[in-house]
Every structure is written in C-alpha cells, then in structure tokens.
Amino acid sequence: MLASEAETTTGAIAGFLRERFPALTNRELTAETPLLGSGAIDSLGILELMTFLADRFGIELTDDDFDPANFDTIGHLARFVERARA
C-alpha cells in the first residue's frame with residue numbers, strides 16, 4: 001500500500017467522522033485518535049460507519065468485520081479497509 005493510499009483512506013474516514021459525530025467535530029483527528037474508548041461513537045454509529053466504509057470503498061462486510069479491534073482507532077479502520085480491498 002502506498003502512503004498516499006493510506007492517507008486518502010484515513011482522510012476520508014476522518015472527514016466522515018467529523019461530519020457525522022458531533023463529539024469529534026472540533027477535535028484533531030489522526031490515525032491514533034481513539035474511537036470506541038472515547039465514547040464518541042455508539043453502537044448505532046458503528047453501523048453507520050460500516051455502511052459508509054462499504055459504500056465509499058466498495059467493500060463487502062461480514063459479521064466478522066464487526067470486531068471491536070477494527071474500530072479502536074482511525075488507523076485501525078484504515079488498515080481494515082485496505083485489507084478488505086486487497
């Protein structure tokens with residue numbers, strides 16, 4: 001994976017999170033920004049986020065993809081997307 005691909009994925013995810021989740025709107029979002037532990041995203045938010053990832057990046061999701069480890073940080077999400085696209 002090229003660095004620019006990861007940055008694009010991370011940037012797209014961060015942009016969605018800023019738009020959708022008010023608790024993240026005014027925060028600096030980096031690959032290390034915690035998501036689940038911060039309380040910024042609830043279970044319905046996870047479903048919305050996964051729908052966004054499937055639509056935006058053209059990936060198919062399975063029940064196994066809803067592993068909390070995939071949502072730990074923005075970086076984890078970006079790596080999940082890149083694995084799913086490979």
Check your understanding: Is the CG atom of D55 crowded by more than 12 outside heavy atoms at less than 6.0 Å?
Key -> yes
If you look at every heavy atom in [X] and [Y], which pair is closest and at what distance?
X   : Y   : answer
T10 : A78 : OG1-CB, 3.5 Å
I59 : A84 : CG2-CB, 3.7 Å
A12 : F57 : CB-CZ, 3.8 Å

Check your understanding: Taking D67 for the side chain and D64 for the main chain, is one N or O donor matched with an acceptor at less than 3.5 Å?
Key -> no
Practice item. Return yes if some donor-acceptor pair links the side-chain N/O of T25 with the main-chain N/O of R18 below 3.5 Å, else return no. Key: yes
Within the 4.5 Å heavy-atom criterion, are [X] and [Y] side-chain neighbours or not?
X   : Y   : result
I46 : L35 : no
L53 : M50 : yes
L61 : F80 : yes
L77 : L49 : yes
N70 : R83 : yes
R56 : V81 : no

Review point. Nearest 0.5 Å, what's the CG-OG1 distance between L24 and T33?
Key: 8.0 Å
Revision key, fill the gap. So OG1 of T73 and CG of L29: to nearest 0.5 Å the spacing works out to 11.5 Å
Practice item. Measure the acute angle between the ring planes of F21 and F16, then classify it against the limits of 30° and 60° as parallel, tilted or perpendicular. Key: perpendicular
Review point. Do NZ/NE/NH1/NH2 and the carboxylate oxygens of E82 and R85 come within less than 4.0 Å?
Key: yes
Check your understanding: Going through the checks in order, is the side chain to side chain contact (heavy atoms under 4.5 Å, CB included) test met by E48 and T51?
Key -> CA-CA 5 Å; E48 189 173 343; T51 300; 5.7 Å; no
